[in-house]
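For reference, the structure is listed below as structure tokens.
In this text, all values refer to a predicted model and were calculated from it rather than measured experimentally.
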Protein chains: 2
Amino acid sequence: MTAPLHEAHPAGPGRALPDTQQGMRRRNLARVMHTVSAEGPLSRAAVASRIGLTRAAVSTLVDELIRSGLLEELGPERPGRVGRPGSALAVSGRGPAGIGAEIGVDHLAACAVDLRGEIRARAVRHGVNRGRSPEPVLAELTALVRQVVAEADAEGLWPAGLAVAVPGLVARDGRTVVRAPNLDWHDIDLGALLPAELPPTVDNEANFGGLAELWLGETTPRDFLHVSAEIGIGAAVVVDGRLLRGTRGFAGELGHVPVRPDGPECACGGRGCLEQYAGEEAVLRAAGIEPGVDRVGLLATRAADGDEAVRRALHDAGTAFGIALTGAVNLLDPQLVVLGGALSGLAPWLLPSLEAELARRTAGPACPVSVSRLGPEGPLLGAAHSVVRAVLDDPAAVAERAGDIVAEQA
Amino acid sequence: MTAPLHEAHPAGPGRALPDTQQGMRRRNLARVMHTVSAEGPLSRAAVASRIGLTRAAVSTLVDELIRSGLLEELGPERPGRVGRPGSALAVSGRGPAGIGAEIGVDHLAACAVDLRGEIRARAVRHGVNRGRSPEPVLAELTALVRQVVAEADAEGLWPAGLAVAVPGLVARDGRTVVRAPNLDWHDIDLGALLPAELPPTVDNEANFGGLAELWLGETTPRDFLHVSAEIGIGAAVVVDGRLLRGTRGFAGELGHVPVRPDGPECACGGRGCLEQYAGEEAVLRAAGIEPGVDRVGLLATRAADGDEAVRRALHDAGTAFGIALTGAVNLLDPQLVVLGGALSGLAPWLLPSLEAELARRTAGPACPVSVSRLGPEGPLLGAAHSVVRAVLDDPAAVAERAGDIVAEQA
DNA sequence: CTAATTTGTAAACCGCCATGACGAAATAGT
DNA sequence: ACTATTTCGTCATGGCGGTTTACAAATTAG
């Protein structure tokens with residue numbers, strides 16, 4: 001599996017894959033799953049009218065999905081409408097689960113999400129990972145993953161895949177961490193260090209955060225820019241509901257967009273990159289936060305307390321964000337910019353100057369900016385959900401494995 | 001027809017369209033057309049092996065396409081290989097044609113391109129359009145289009161659609177020009193002013209230029225940024241072989257990416273936008289080119305002659321491009337940046353500083369920059385080809401109309 | 001209690017591609 | 001020269017998948 005899971009079926013005029021009846025069946029199975037997943041309990045007739053197939057066709061599709069354990073029959077609906085009530089169908093709460101994991105600078109986490117999107121198991125382990133070598137960290141993470149898988153198993157769930165969010169650049173192979181500055185990792189093949197029993201997918205935490213916003217955000221459109229600043233400043237570019245990865249997988253490096261071309265030097269080789277003004281280090285220094293633990297938390301506290309130096313630092317960071325985002329908005333014309341991750345907590349003090357700068361530099365109405373409500377768990381949830389989406393995108397692929405599982409249990 | 005023609009069949013997991021056998025047939029017809037179009041004369045067996053269907057299936061598809069006049073049988077191949085030689089199939093040089101048109105600041109143009117990609121008719125009319133009202137300009141353009149259509153008709157071609165490239169922002173409806181600063185047009189519905197007998201599609205000239213690069217460029221990848229500077233500085237963002245349009249259709253506005261946040265004021269409301277350093281006006285002023293006709297031509301001549309002021313102006317413009325492109329490359333991670341339009345002629349003097357700036361600001365290998373070979377006709381060709389692509393993308397839709405045409409002729 | 005409406009399913013049907021067999025047309029080997 | 005081999009295009013058959021049509025079941029409206 002070289003391509004990320006949730007792009008298992010990249011459709012488009014470009015592909016030269018054959019179009020056979022089996023493919024049609026698979027796509028229609030996926031369509032049923034997506035419809036039921038997105039619009040809650042639904043009768044066969046309701047599904048049929050939404051996806052444009054006949055009731056009879058949907059019946060056979062649903063039968064197959066129920067046999068595979070991906071859908072469940074909840075029983076007759078209780079309608080006030082005339083006519084025979086339908087039998088409500090819902091995505092199964094047992095069967096395949098998506099396993100998400102996250103490698104943070106100071107924590108590790110894993111969780112299991114069922115097809116309904118419910119978190120069914122989770123495990124967190126705090127501890128500084130900065131500077132540790134990959135092997136012990138991955139060993140700890142593997143233990144967490146196994147723990148979560150075991151918990152999920154106890155609830156009748158089996159792992160359909162594992163997705164890992166890391167704070168760094170990940171190659172398009174979905175397993176190699178090219179550069180994770182805050183861990184000091186370079187060119188590490190995580191695929192080889194993760195539990196062999198699960199097909200793992202690795203991606204940037206900003207990307208998974210953006211996907212979480214796309215899939216779980218309440219009013220998130222299909223075209224937006226999700227900005228997060230856990231470590232470096234990263235952005236997820238979502239276009240038409242798809243994540244833009246770039247040729248090498250490095251798209252979204254907002255942190256190194258030039259803000260002042262003659263500004264301070266940056267580790268990337270450039271000068272005046274956004275990170276020099278709005279990166280964690282830069283802001284903490286400008287705010288006069290002394291070294292210690294949870295400096296970002298302290299930053300938020302002091303900002304809330306009205307500390308002038310802190311407020312000014314955040315104001316200036318917001319201005320820098322505004323300049324960099326002006327460029328991004330001009331290039332991409334997104335429907336929305338979402339501030340996620342650590343930024344969401346600092347938004348009250350960042351937003352005013354950010355929005356002012358963006359508005360000033362935009363002809364006509366400026367791109368709206370909102371704040372994510374997913375909190376710090378966005379990347380972890382996005383990772384787990386990416387596996388769930390892969391199942392919804394191609395239920396037939398999973399159904400085979402599900403059959404094996406059922407056979408084993410019998 | 002609200003969506004641009006060449007996106008007639010937007011496929012993807014997001015769509016909720018039914019997947020029936022008719023749709024399958026249509027997609028397979030499209031696959032045959034694309035394969036034959038892209039890889040020259042091909043036997044049925046060769047097509048079958050490329051698209052993964054059986055020879056029998058391809059036979060029936062090809063029969064249908066030949067009956068519709070979209071494919072032609074060239075006769076037996078002359079191979080040195082063993083076995084019965086195949087019968088070469090080629091895209092028809094008669095039948096549907098794409099009509100492209102361009103509204104430039106000082107010219108109008110139209111052309112007809114057949115399914116093979118050959119230009120079969122063209123018409124140009126010089127004359128300054130800046131400041132003229134849309135109606136007379138569109139009337140002239142309509143005359144050019146009718147002339148081209150008549151020429152094409154004489155060669156057995158009928159117009160399958162009309163695409164118009166304009167130097168300005170176009171709404172996503174594909175007909176409204178929101179803002180064309182160099183024409184001084186605002187919120188003009190070109191759809192209402194164009195020949196009613198043809199379904200027109202309007203788009204930004206930078207976008208069509210980028211699509212021309214994608215479809216006609218010799219080594220153009222599927223992920224690139226095409227920069228053109230006919231009037232303002234525009235870019236076409238191509239991701240995975242698809243043009244990124246943005247929510248409102250305004251994506252690619254590279255000219256208003258901030259280069260120096262405190263630089264000179266720009267008409268867009270911002271300061272220090274790329275256009276203030278690399279826009280036509282700015283460069284001409286810095287180069288000391290006096291008012292007159294064909295100032296860009298003069299610029300190139302003097303640069304070639306070694307004029308120091310001109311060279312310095314272009315060097316500085318290249319630096320500004322480098323800064324703006326650094327941001328774009330960090331955000332999009334394209335495989336290539338292509339300089340097109342007027343920029344290609346000035347590339348010798350822009351490239352060195354541009355590439356130096358880009359390389360300096362990039363960690364690791366910098367994104368390669370190349371120069372388009374399409375010359376100033378890129379947008380016009382891209383427009384005409386967008387209609388051709390629409391035919392290749394859904395031959396069944398055109399086959400119906402083709403049937404009508406044949407019936408009329410009989 | 002009947003009529004109307006809607007749901008889910010079964011049987012017959014049609015369209016599309018796969019399979020397998022065949023003649024046609026070339027090359028390779030004797 | 002003649003045969004064997006290979007490849008091409010086509011035809012008949014079959015399987016698969018969604019549609020159409022019909023019908024029983026389950027509800028509401030009158």
Nearest 0.5 Å, what's the CG-CG distance between A/Leu71 and A/Leu65?
4.5 Å
Length of the CG-C1' vector between B/Leu42 and D/dG9, whole Å:
15 Å
Which of these, B/Asp394, B/Asp393, B/Asp19, sits in a side-chain contact (heavy atoms from CB on, under 4.5 Å) with B/Arg27?
B/Asp19
Backbone N or O of A/Gln335 within a donor-acceptor pair of the B/Thr247 side chain at under 3.5 Å?
yes
Output yes when at least one side-chain N/O atom of B/Arg25 is less than 4.0 Å from OP1 or OP2 of C/dG15, else no.
no
Taking CD from A/Gln22 and P from C/dA18, how many angstroms apart are they, rounded to a whole number?
9 Å
Between A/Thr60 and A/Arg25, is there a side-chain donor-acceptor contact under 3.5 Å, judged purely by atom types and distance?
yes
Please state how far atom CZ in B/Arg78 lies from atom P in D/dC8, giving the value in whole angstrom units.
16 Å
Interatomic distance, B/Arg55 atom CZ to B/Leu53 atom CG [nearest 0.5 angstrom]:
13.0 Å
Nearest-angstrom distance from the residue atom CG of A/Leu29 to C1' of D/dG18:
13 Å
Atom-to-atom span, CD of B/Glu77 to P of D/dT7 - whole angstrom:
14 Å
When you compare the side chains of A/Arg31 and A/Asn28, does any donor N or O come within less than 3.5 Å of an acceptor on the partner?
yes
Heavy atoms under 4.0 Å is the rule here; annotate nucleotides 4-14 of chain C 5' to 3' with B where the base is hit, S where only the sugar-phosphate is, and - elsewhere.
-BBBBBB----
Could you tell me the separation between the CZ atom of A/Arg31 and the P atom of D/dG18, rounded to a whole number of Å?
10 Å
How long is the line joining CG of B/Leu53 and C1' of C/dT19, in whole Å?
14 Å
Is A/Thr20 close enough to C/dC17 that one of its side-chain N or O atoms is under 4.0 Å from OP1 or OP2 there?
no
B/Asn28 side-chain N/O to C/dC16 phosphate OP1/OP2 under 4.0 Å:
no
A/Arg44 CZ to A/Ser49 OG distance, which is reported to the nearest 0.5 Å
14.5 Å
Rounded to whole angstrom units, what separation is found between the CZ atom of A/Arg26 and the C1' atom of D/dG17?
15 Å
